[in-house]
Amino acid sequence: MKRAKTKKTLDVRFENRTVPFSLIDAETSIEAWDKKDLKTRAAYFLLNGAPVFAVNETENGRLRLLAAEKDFYAAKVSGATQADVRV
C-alpha cells in the first residue's frame, strides 16, 4: 500500500498597514542614491501610486524595510508622509 504524500506548505501570514515613514528604518541612507533618479521615480509614484513595502517588526515597535530601499526613498521624495506596508 502506497503512502499518501503530504505537501508541506509555508505558513504565510501578513497584515497590511499604513504607517508614517518615520517608523520605518532602512539599511542605507538617502545619500546613497542618485538624487535625479529618485526624483524621476518620485514623479512616477505620483502618477501611478507607490508600491507596498515589505517590512518586519522589531522589538522596539519600529519597522525594518526588507527590500526596495530606492523605491522607499523615492516615495519619501514624492512628498508622501505615509507608506502602505505588508508586515
Side-chain angles (χ1 to χ4, degrees):
M1 183 166 147
K2 283 190 174 182
R3 194 183 275 203
K5 288 185 180 181
T6 57
K7 189 173 185 179
K8 292 183 180 182
T9 59
L10 293 175
D11 182 16
V12 182
R13 289 183 237 167
F14 60 87
E15 177 185 350
N16 288 325
R17 295 187 205 166
T18 301
V19 297
F21 280 112
S22 59
L23 290 179
I24 303 172
D25 297 324
E27 292 288 323
T28 62
S29 68
I30 195 167
E31 287 80 28
W33 304 101
D34 179 39
K35 302 295 184 240
K36 184 178 178 184
D37 192 29
L38 287 179
K39 287 180 182 179
T40 303
R41 291 173 89 81
Y44 176 83
F45 292 156
L46 285 173
L47 293 173
N48 300 302
V52 176
F53 298 104
V55 297
N56 275 346
E57 283 186 304
T58 59
E59 299 85 35
N60 58 4
R62 297 188 57 82
L63 301 170
R64 184 174 55 94
L65 189 65
L66 297 177
E69 290 184 8
K70 191 174 193 176
D71 289 344
F72 172 73
Y73 288 120
K76 284 178 80 170
V77 168
S78 74
T81 57
Q82 297 181 335
D84 293 328
V85 298
R86 180 172 284 173
V87 183

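Hydrogens, waters and symmetry mates play no part in the numbers below; they use all other heavy atoms, side chains included. Numbering of residues begins at 1 and proceeds along the displayed sequence. Bear in mind that the values here come from a model prediction, so they are computed numbers and not experimental data.
In the displayed structure, Lys39 atom NZ is contacted under 6.0 Å by at most 12 heavy atoms of other residues, nucleotides or ligands.
Put simply, the side chain of Tyr73 gets close to the backbone of Thr28: a donor and an acceptor are under 3.5 Å apart. Lys35 places a side-chain N or O within donor-acceptor distance of the main-chain N or O of Ile30, the cut-off being under 3.5 Å. A donor-acceptor contact shorter than 3.5 Å is absent between the side chain of Glu69 and the backbone of Ala26.
In this structure, the separation between CZ on Arg86 and CZ on Phe53 is 13.0 Å, given to the nearest 0.5 Å. If you take CZ on Phe72 and CD1 on Ile24, they are separated by 4.5 Å, rounding to the nearest 0.5 Å. We find the CD-CZ distance between Glu57 and Arg17 to be 4.0 Å, quoted to the nearest 0.5 Å. Rounded to the nearest 0.5 angstrom, Asp34 CG and Glu31 CD are separated by 13.0 Å.
For the side-chain contact (heavy atoms from CB on, under 4.5 Å) with Arg62, the qualifying choice from Asp25, Asn56, Val19 is Asp25, the only one to do so.
Scanning both residues, Ala50 and Ala75, for their nearest heavy atoms gives CB-CB, 4.3 Å. Closest heavy-atom contact between Thr58 and Leu63: OG1-N, 4.4 Å. Annotation for Phe21 and Gln82: closest pair CE1-O, 3.6 Å, computed over non-hydrogen atoms.
Note on Phe45: it does not cluster hydrophobically with Val77, by side-chain heavy-atom contacts below 4.5 Å among ILVMFWY residues.
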As a quick check of understanding, evaluate side-chain contact (heavy atoms from CB on, under 4.5 Å) for Asp71 and Arg41, giving each step before the final call. CA-CA 7 Å; Asp71 289 344; Arg41 291 173 89 81; 2.3 Å; yes

Check the pair Asp84 / Asn16 against side-chain contact (heavy atoms from CB on, under 4.5 Å), numbers first and verdict last. CA-CA 7 Å; Asp84 293 328; Asn16 288 325; over 6 Å; no

Check against side-chain contact (heavy atoms from CB on, under 4.5 Å), Asp37 and Lys70: CA-CA 9 Å; Asp37 192 29; Lys70 191 174 193 176; 2.3 Å; yes

